[in-house]
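Worksheet for the structure shown next.
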Amino acid sequence: MKDSAIPKFFEKSRKERLKIVKDFSSLTEEEIKLLENQNGGISFEKADKMVENAIGTFSLPLGIATNFQINGKDYVIPMVIEEPSVIAAASKGAKVARILGGFQVKADESYSIGQIQMLDVDNSLAIKDIQKSSEKILEIANSKSKTLSKIGKGAKEVSCKEIDTPKGKMLIIELLIDVGDAMGANVTNTMCEAISPFLEEITGGRSLLRILSNYSTRRIAKARAVFEKDAVGGEDVVDNIILAFEFADNDIFRAVTHNKGIMNGIISVANATGQDSRAIEAAANAFAVHNGRYGSLTQWSKDKNGNLIGNIELPLSVGIVGGIINVHPMAKICTKILGITSAQELACIMASVGLAQNFSAIRALTTEGIQKGHMKLHAKNIAFAAGAKPEQIEKIVQKMIQENNISLNRAKELLEQI
Ligand code: NAD
């Protein structure tokens, strides 16, 4: 069985790390070459096809989080992020979680929601007409994706709701679509546009917006882990973590920062695997308020033995096909590193990373504070920005930390003294 608890991964050279990942995920020599490539894997020609007015590409660090055990399976997790400490925090959280069995996770099937805004109708009559024709509506929608139909997925349900607006009551028709292993934005939009002429015909109304909802409440992932109390730092630390959670869950100023930390982990994996990170962020932020007030995306408590229990629940609209996943060579390799076979499996991983991240962040906040770990990498960046060569960096970093003066000016002064 594969083991992602790789001792001292952070101390290894790039070559050694690549070899470990290659063996873990059966990467080819060609894939390793791509990972070693300095340009981040995407040519200008490709970039020019992905966005408008392209003038270049912009790469970010890609690192590996270790120690993850999710539903009994070990993973090494690629994370793309510019912020120091995030990958270390995820690995640390996963290391503690695996003592008592790692993460137990469940993800919904991938149902997306499309919306059609229908105007100039008698809403109650229109709702009846739509209900009567729901089979035909689904048939038109499903004619737009042979792939989904072939695998038993596609549009499954039509429903109606009335919303109150200052311009009066408005009819919104919603299409529920099983988008399989894709994020499904395009197929959802296509289906919404395809059914709207028929909806206009049967209701006599005028459809205005026909678009996916990013509030993907039918794609919820739930992860749970038990963190052994001594590995957490003892019962006092467990209690303090629960108090820190209560602060976040009851004060929006704290909660936004607390959830931002969770998204540090989740978005890093989203970036690495070519997901639409904005869609994930937008849905998570809306979900944080689903109980009527903005709160924590995680819940923390303790069991009868004093161990810390962490839970996370959030919508995750992700895919392993479509979008840039099959276009960006790095996204392809990162998906292979994960060894995943479904969008749900990816959602399970991302939820676990979010929970691990949150554990490490609040553990650090309730003990030594967040800056200790953070500042070392920050100091490295500062030393680098001051012009230090790789062999000079550690000396300058140590000195700045010792003096508690981490600044560009001090780094430049120290560099001159070397
Ligand atoms: P896509 O358009 O590439 O569609 C996925 C493709 O994969 C389809 O052609 C489908 O037939 C095929 N496929 C093959 N095997 C499949 C399987 N097992 N399950 C499902 N599909 C399978 O990608 P998409 O997921 O529809 O759209 C994602 C992209 O849309 C992202 O780049 C996103 O940024 C963008 N987008 C987002 C929004 C939004 O979030 N509001 C709106 C528009 C576009």
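Order of appearance sets the numbers: ligands from 1, and atoms from 1 within every ligand. For clarity, every value in this text was computed on a predicted model and none was experimentally measured.
Ile325 does not count as a contact of ligand 1, since none of its heavy atoms falls under 4.0 Å from the ligand. Using a 4.0 Å cutoff on heavy atoms, Gly184 counts as a contact of ligand 1.
The pair Asp74-Lys2 does not meet the salt-bridge criterion, since no charged nitrogen lies less than 4.0 angstrom from a carboxylate oxygen. We find that Glu29 and Lys22 are joined by a salt bridge, their nearest charged nitrogen and carboxylate oxygen being less than 4.0 Å apart. Taking a cutoff of 4.0 Å between a charged side-chain nitrogen and a carboxylate oxygen, Lys73 and Glu345 qualify as a salt bridge. The pair Lys156-Glu109 does not meet the salt-bridge criterion, since no charged nitrogen lies less than 4.0 angstrom from a carboxylate oxygen. For Arg206 and Glu200, the salt-bridge test fails: no basic side-chain N is under 4.0 Å from an acidic carboxylate O. Asp108 and Arg218 are not joined by a salt bridge, as no carboxylate oxygen comes within less than 4.0 angstrom of a charged side-chain nitrogen. Residues Asp122 and Lys169 are not paired through a salt bridge, judged by the lack of any N-O separation under 4.0 Å between the basic side chain and the carboxylate.
When Gly323, Ala343, Ala185 are checked for heavy-atom proximity to atom 1 (P) of ligand 1, Gly323 turns out nearest.
For Thr147, every heavy-atom contact with ligand 1 shorter than 4.0 Å involves the side chain, none the backbone. Counting heavy atoms under 4.0 Å from ligand 1, residue Val179 touches it through the backbone alone. Neither the backbone nor the side chain of Thr188 comes within contact range of ligand 1; no heavy atom lies under 4.0 Å. Residue contacts with ligand 1 for Asp276 involve side-chain atoms from C-beta outward but no N, CA, C or O (heavy atoms, distance under 4.0 Å).
For atom 8 (C) of ligand 1, the nearest protein heavy atom is 4.0 Å or more away. Proximity of atom 25 (O) of ligand 1 to the protein is indicated by at least one non-hydrogen atom lying closer than 4.0 angstrom.
Residue contact check: Ile151 has heavy atoms under 4.0 Å from atoms 17 (C), 18 (N) of ligand 1. Near Asp181, with a cut-off below 4.0 Å to any heavy atom, the atoms of ligand 1 are 17 (C), 18 (N), 19 (N), 20 (C). Those atoms of ligand 1 with a heavy atom of Leu212 less than 4.0 angstrom away are 39 (C), 40 (O), 41 (N). For ligand 1, the atoms closer than 4.0 angstrom to any heavy atom of Val187 are 26 (O). The Ala182 neighbourhood of ligand 1 comprises atoms 5 (C), 19 (N), 20 (C), 21 (N), 25 (O), with distances under 4.0 Å to a heavy atom of that residue. Within ligand 1, the atoms closer than 4.0 Å to a non-hydrogen atom of Gly180 are 19 (N), numbered from 1 in the order shown.
Ile137 and Ile195 make their closest contact through O-CG2, 3.5 Å (heavy atoms, listed as atom of the first residue, atom of the second, distance).
With respect to atom 29 (C) of ligand 1, the closest heavy atom belonging to the protein is Asn186 ND2, 3.8 Å. The nearest heavy-atom contact from the protein to atom 43 (C) of ligand 1 is Asn189 ND2, 3.7 Å. If you check which protein heavy atom lies closest to atom 40 (O) of ligand 1, you get Asn214 ND2, 3.0 Å. Ranking the protein heavy atoms by distance from atom 28 (C) of ligand 1 puts Met183 SD, 3.7 Å first. Residue, atom and distance of the protein heavy atom nearest to atom 22 (C) of ligand 1 are Val321 CG2, 3.6 Å. When hydrogens are left out, the protein atom nearest atom 6 (C) of ligand 1 is Gly322 CA, 4.4 Å; that is the closest non-hydrogen contact.
Thr298 and Ser296 share a donor-acceptor pair across their side chains, judged by distance under 3.5 Å alone.
Not a single donor-acceptor pair under 3.5 Å links the side chain of Lys222 to the backbone N or O of Asn311. A donor-acceptor pair under 3.5 Å is absent between the side-chain atoms of Ser25 and the main chain of Leu27, judged by distance alone.
Looking at Phe245 and Gln299, their side chains come closer than 4.5 Å, going by heavy atoms from C-beta outward.
Other residues, nucleotides and ligands place more than 12 heavy atoms under 6.0 Å from the CD1 atom of Ile163.
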